[in-house]
Asker: 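The following block contains the structure, expressed as structure tokens.
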Amino acid sequence: MTRTFKVGDHVSWNSEAGRVRGRVVKVHTRDVTYKGHIHHASEDAPQYEIKSDKTDHVALHKGTALTRLR
């Protein structure tokens, strides 16, 4: 099952520090370089740029790593 999200969706994901919550700020549908690493993305498998609710940390994740919050 493919999970798709849009800008503004509230999501959570698992990190080394535990569960993190944030909002999708951008959807990448082409490969993007972030923090020195290439994140592969396409129309069928986008990467989601998410800003943490508690900090200014920004992360990139595939939809399979995210859970939509209400």
Side-chain angles (χ1 to χ4, degrees):
M1 182 171 97
T2 303
R3 296 180 191 168
T4 58
F5 303 92
K6 63 184 183 307
V7 171
D9 282 350
H10 198 217
V11 297
S12 71
W13 67 97
N14 201 18
S15 77
E16 300 85 19
R19 204 82 187 148
V20 181
R21 295 171 175 231
R23 295 227 177 248
V24 176
V25 294
K26 189 167 184 178
V27 178
H28 295 275
T29 55
R30 291 193 211 165
D31 291 355
V32 60
T33 301
Y34 181 70
K35 293 187 177 180
H37 299 281
I38 295 175
H39 292 262
H40 297 287
S42 67
E43 290 283 338
D44 294 331
Q47 288 272 350
Y48 298 95
E49 189 171 327
I50 310 141
K51 184 176 179 194
S52 170
D53 287 344
K54 291 186 177 181
T55 67
D56 286 335
H57 179 76
V58 174
L60 283 175
H61 291 291
K62 291 185 178 185
T64 55
L66 303 174
T67 301
R68 187 181 326 268
L69 301 173
R70 293 180 188 220

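What you are looking at is a predicted structure, and each value in this text was computed from that prediction instead of being measured.
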Asker: Any side-chain heavy atom of Phe5 sitting closer than 4.5 Å to one from Arg68?
Answerer: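 Yes; the side chains approach each other to less than 4.5 Å.
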
Asker: Is the shortest heavy-atom distance from the side chain of Leu69 to the side chain of Arg21 under 4.5 Å?
Answerer: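 Heavy-atom side-chain distance check passes, below 4.5 Å.
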
Asker: Do Tyr48 and Val7 share a hydrophobic cluster, counting only Ile, Leu, Val, Met, Phe, Trp and Tyr and linking them when any side-chain heavy atoms are less than 4.5 Å apart?
Answerer: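 They do share one cluster, since a chain of ILVMFWY contacts under 4.5 Å joins Tyr48 to Val7.
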
Asker: Is the closest side-chain heavy-atom distance between Asp56 and Lys51 below 4.5 Å?
Answerer: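 Asp56 reaches Lys51 side chain to side chain.
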
Asker: If hydrophobic clusters are built from ILVMFWY residues whose side chains come within less than 4.5 Å, do Val58 and Leu66 share one?
Answerer: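 No, Val58 does not connect to Leu66 through the hydrophobic network.
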
Asker: Which residues pass the side chain to side chain donor-acceptor pair (under 3.5 Å) test with Ser15, sequence neighbours left out?
Answerer: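 None.
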
Asker: Can you sort out the partners of Ser52 under side-chain contact (heavy atoms from CB on, under 4.5 Å), two or more places apart, ordered by chain and number?
Answerer: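 Per chain and number, Ser52 pairs via side-chain contact (heavy atoms from CB on, under 4.5 Å) with Val20, Lys54, Thr55, His57.
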
Asker: So, are Asp53 and Arg23 salt-bridged, with charged N and O less than 4.0 Å apart?
Answerer: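 Result for this pair is no, no salt bridge flagged.
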
Asker: Once rounded to the nearest 0.5 Å, what's the spacing between atom CG of Asp44 and atom OG1 of Thr4?
Answerer: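 That separation rounds to 11.5 Å.
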
Asker: Starting from Val24, can I reach Trp13 by hopping between I/L/V/M/F/W/Y residues whose side chains sit under 4.5 Å apart?
Answerer: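 Trp13 and Val24: one cluster.
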
Asker: Counting only N and O atoms by type, is there a donor-acceptor contact under 3.5 Å from the side chain of Ser42 to the main-chain atoms of Ala45?
Answerer: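 It does hold such a pair.
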
Asker: What pair of heavy atoms forms the shortest contact from Ala41 to Asp31, and how long is it?
Answerer: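 Heavy atoms only, the tightest pair is N-OD1, 3.0 Å.
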
Asker: Is any side-chain heavy atom of Ile50 less than 4.5 Å from a side-chain heavy atom of His61?
Answerer: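 Yes, at least one pair of side-chain atoms sits under 4.5 Å.
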
Asker: Kindly write out the residues that satisfy side chain to side chain donor-acceptor pair (under 3.5 Å) with Thr67, not counting sequence neighbours, or none if the list is empty.
Answerer: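 Side chain to side chain donor-acceptor pair (under 3.5 Å) check on Thr67 returns Arg19.
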
Asker: Using a 4.5 Å cut-off on heavy atoms from C-beta on, say whether the side chain of His39 contacts that of His28.
Answerer: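 Contact flag for His28/His39 side chains = no.
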
